[in-house]
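Inspection log for the structure reproduced underneath, given as structure tokens.
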Amino acid sequence: MKTKPTLDDCVYLCLSDGRWWTFWDIQGKIKMMEDRFFGEPSISAAIRNLRKYHCRKKYGLPMSGEVIEKRRRPVGSGYEYKLIGEKNG
């Protein structure tokens, strides 16, 4: 039996494509791919988790420095996020 990916897994998979993502983009992608819904606070927490040691280790992210870039959306309110930094081999 295949286990469902965690919210951290889903957010990592979205952000790892190098594009900018809003909370709403991430919500929609998870809903489409996994038929699961997570609110903005949960997605925000998962983005913060990617900065923590256990996620850096699990996903092969750099152990120091910033791994998430955040910018204000050019139109409308809110922010966009993307994964930065090179993966460890």
Residues in side-chain hydrogen bond (donor to acceptor under 3.5 Å, both in side chains) with Trp20, at least two apart? none

What pairs meet the salt bridge (Lys or Arg N to Asp or Glu O under 4.0 Å) rule with one or both residues in residues 32-47, with sequence neighbours excluded? Lys31-Asp35

Arg51: what forms a side-chain hydrogen bond (donor to acceptor under 3.5 Å, both in side chains) with it, not counting sequence neighbours? Glu66

Not counting sequence neighbours, list each pair that qualifies as a salt bridge (Lys or Arg N to Asp or Glu O under 4.0 Å) and has a residue in residues 73-83. Arg71-Glu80

To the nearest 0.5 Å, what is the distance between OH on Tyr12 and CG on Asp17? 10.5 Å

Once side chain to side chain contact (heavy atoms under 4.5 Å, CB included) is applied, do any residues pair with Phe37, and if so which ones, sequence neighbours excluded? Gln27

All side chain to side chain contact (heavy atoms under 4.5 Å, CB included) counterparts of Lys29, not counting sequence neighbours: Cys14, Trp21, Met32, Met33

Report the residues that fulfil ring pair (Phe, Tyr, Trp, His ring centres under 6.0 Å) with Phe23, sequence neighbours left out, ordered by chain and then residue number. Tyr81

Excluding sequence neighbours, so at least two apart, what forms salt bridge (charged side-chain N to carboxylate O under 4.0 Å, His left out) with Lys70? none

Across all chains, not counting sequence neighbours, the side chain to side chain contact (heavy atoms under 4.5 Å, CB included) partners of Asp8 are Thr6, Ala46, Asn49, His54, Cys55, Tyr59

I'd like to check the side chain to side chain contact (heavy atoms under 4.5 Å, CB included) partners of Ser42; sequence neighbours left out, ordered by chain and number. Leu7, Phe38

Say you draw a straight line from SG of Cys10 to CD1 of Ile30; how long is it, rounded to the nearest 0.5 Å? 4.5 Å

Could you work out the complete set of other residues in the hydrophobic cluster of Val75, with links drawn between I, L, V, M, F, W and Y side chains under 4.5 Å apart? none

